[in-house]
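The next block holds one structure in the form of structure tokens; read it before the comments.
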Amino acid sequence: MDHFSTARLTAERLRENHLAELVALHCDPEVSRYLGGVRTPEVTKAYLATNMAHWDQHGFGLWTLRTADGAYAGRAGIRHVLVDDVDEIEIAYALKREFWGQGFASEIATALTDIGLSQLALPSLIGIVYVGNTASRRVLEKSNHLLERSENRHGEDVVIYRIRQ
């Protein structure tokens, strides 16, 4: 599933030609505040390579997001992640600041949840959110993910939400 659309967004499989847009997204300190901090272009390039390899290995991963007029809106996806040495499948999203507060995150989180549970037939999905990121917590709750637990991950206090088949 290289492409899909929601009411206001189109999603395209993440590719090398998306590097400049990812670098700009990851260099924004407000966007990156809950993503582990600002990433250098070199770190973002490695991130892109890792996520393209995820596609090759699993047949799903991150997509780049565009609005109906073609503007770059951010990135989102479904990916494997280790949590307490358990292979989990996470939905993830990051939008440019100009798209915050307009329902785009909820729209994409709902689409990712549907893709993961219905189309990919995954048994469950998680969302990992910094405790203080109340907006992202609301997004997951609107997508019917339930708060499962709190923990410290890579030195940060996070909450893990889950939705099951």
Side-chain angles (χ1 to χ4, degrees), residues 1-19 21-22 25-26 31 34-36 44 46-68 70 72-96 99-100 102-131 133-154 156 158-165:
M1 169 177 247
D2 287 358
H3 296 84
F4 72 89
S5 297
T6 66
R8 299 179 296 161
L9 295 168
T10 59
E12 174 188 341
R13 179 179 174 165
L14 200 61
R15 301 195 186 278
E16 285 182 23
N17 62 323
H18 299 128
L19 179 60
E21 293 166 328
L22 272 179
L25 183 72
H26 290 169
V31 171
Y34 294 122
L35 301 176
T44 297
Y47 172 90
L48 177 60
T50 297
N51 282 286
M52 289 185 338
H54 187 284
W55 267 102
D56 295 339
Q57 184 177 1
H58 300 288
F60 59 88
L62 292 183
W63 290 269
T64 190
L65 304 174
R66 296 195 184 284
T67 61
Y72 177 73
R75 57 141 173 99
I78 303 170
R79 62 188 177 197
H80 286 264
V81 62
L82 278 178
V83 178
D84 300 329
D85 296 324
V86 175
D87 182 27
E88 297 279 8
I89 301 177
E90 170 192 41
I91 68 166
Y93 42 86
L95 297 171
K96 290 175 63 178
F99 297 103
W100 291 3
Q102 300 175 51
F104 285 105
S106 293
E107 186 174 315
I108 200 65
T110 298
L112 294 171
T113 299
D114 182 59
I115 290 166
L117 297 179
S118 299
Q119 295 179 35
L120 299 175
L122 300 168
S124 73
L125 297 167
I126 65 166
I128 303 170
V129 182
Y130 280 47
V131 169
N133 189 347
T134 55
S136 194
R137 293 177 73 164
R138 281 194 308 271
V139 164
L140 289 172
E141 290 163 0
K142 286 181 191 175
S143 300
N144 297 316
H145 290 70
L146 300 174
L147 179 62
E148 185 174 272
R149 68 184 186 271
S150 300
E151 68 177 55
N152 190 284
R153 184 169 167 77
H154 307 298
E156 298 291 342
V158 300
V159 287
I160 297 178
Y161 284 79
R162 183 180 302 273
I163 189 167
R164 298 182 189 278
Q165 281 279 9

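Source: prediction; values computed, not measured.
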Could you go through Val158 and Val129, starting from their C-alpha distance and side-chain angles, then the distance that decides it, and tell me whether this counts as side chain to side chain contact (heavy atoms under 4.5 Å, CB included)? CA-CA 5 Å; Val158 300; Val129 182; over 6 Å; no
Let's go through His3 and Thr10 carefully: what are the C-alpha distance in whole Å and the side-chain angles of both, what is the deciding distance for side chain to side chain contact (heavy atoms under 4.5 Å, CB included) to 0.1 Å, and is it a yes or a no? CA-CA 7 Å; His3 296 84; Thr10 59; over 6 Å; no
Given ring pair (Phe, Tyr, Trp, His ring centres under 6.0 Å), test Trp63 with Phe4 step by step and report yes or no. CA-CA 9 Å; Trp63 290 269; Phe4 72 89; 5.0 Å; yes
Between Trp100 and Leu95, is a side chain to side chain contact (heavy atoms under 4.5 Å, CB included) present by the stated rule, with each step listed? CA-CA 7 Å; Trp100 291 3; Leu95 297 171; 4.1 Å; yes
Are Asp2 and Arg15 close enough, and set up right, to give a side chain to side chain contact (heavy atoms under 4.5 Å, CB included), and what steps lead you there? CA-CA 10 Å; Asp2 287 358; Arg15 301 195 186 278; 3.3 Å; yes
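The one candidate from Glu90, His58, Glu88 that meets the side-chain hydrogen bond (donor to acceptor under 3.5 Å, both in side chains) condition with Arg79 is Glu90.
Counting all heavy atoms, side chain and backbone alike, Ala73 lies closest to Leu9 at CB-CD2, 4.1 Å. Heavy atoms only, all atoms of each residue included: Leu62 and Trp55 are closest at O-NE1, 2.8 Å. Here the closest non-hydrogen pair linking Ala92 and Leu112 is O-CD1, 3.7 Å.
Between the CZ atom in Arg13 and the CE atom in Met1 there is a gap of 13.0 Å [rounded to 0.5 Å]. The CD1 atom of Ile89 lies 8.0 Å from the CG atom of Leu120; values are rounded to the nearest 0.5 Å. Ile108 CD1 to Tyr93 OH: the interatomic distance, rounded to the nearest 0.5 Å, is 11.0 Å. Rounding to the nearest 0.5 Å gives a distance of 11.0 Å between CG of Leu14 and OG1 of Thr50. Between Glu107 atom CD and Lys142 atom NZ the span is 11.5 Å, to the nearest 0.5 Å. The OG atom of Ser143 sits 10.5 Å away from atom CG of Asp114, with the distance rounded to the nearest 0.5 Å.
Annotation for Glu16: atom CD does not count as buried by contact number, only 12 or fewer foreign heavy atoms lying within 6.0 Å.
Side-chain contact between His145 and Ile91 is present, with at least one heavy-atom pair separated by less than 4.5 Å. Residues Phe60 and His80 are in side-chain contact: their nearest non-hydrogen atoms beyond the backbone lie under 4.5 Å apart. Annotation: side chain of Glu156 is not in contact with side chain of Ile128 (no heavy-atom distance under 4.5 Å). The side-chain heavy atoms of Leu117 and Leu125, taken from C-beta on, include a pair separated by under 4.5 Å. Contact of the Lys96 side chain with the Leu25 side chain is registered, since non-hydrogen atoms from C-beta on lie closer than 4.5 Å. The closest side-chain heavy-atom distance from Arg75 to Glu21 is not below 4.5 Å. Residues Glu151 and Val83 meet the side-chain proximity criterion, which asks for heavy atoms closer than 4.5 Å. Inter-residue side-chain proximity for Leu140 and Leu146 is flagged as unmet; no heavy-atom pair is nearer than 4.5 Å.
Under the rule for a ring-ring contact (aromatic ring centres under 6.0 Å, His included), the partners of Tyr47 that lie at least two apart in sequence or sit in another chain are His26. Under the ring-ring contact (aromatic ring centres under 6.0 Å, His included) criterion, His18 pairs with no residue, sequence neighbours left out.
Side-chain contact, Tyr161 with Glu141: a donor N or O sits under 3.5 Å from an acceptor N or O.
Between the side chain of Tyr130 and the backbone N or O of Gly36 there is at least one donor-acceptor pair closer than 3.5 Å.
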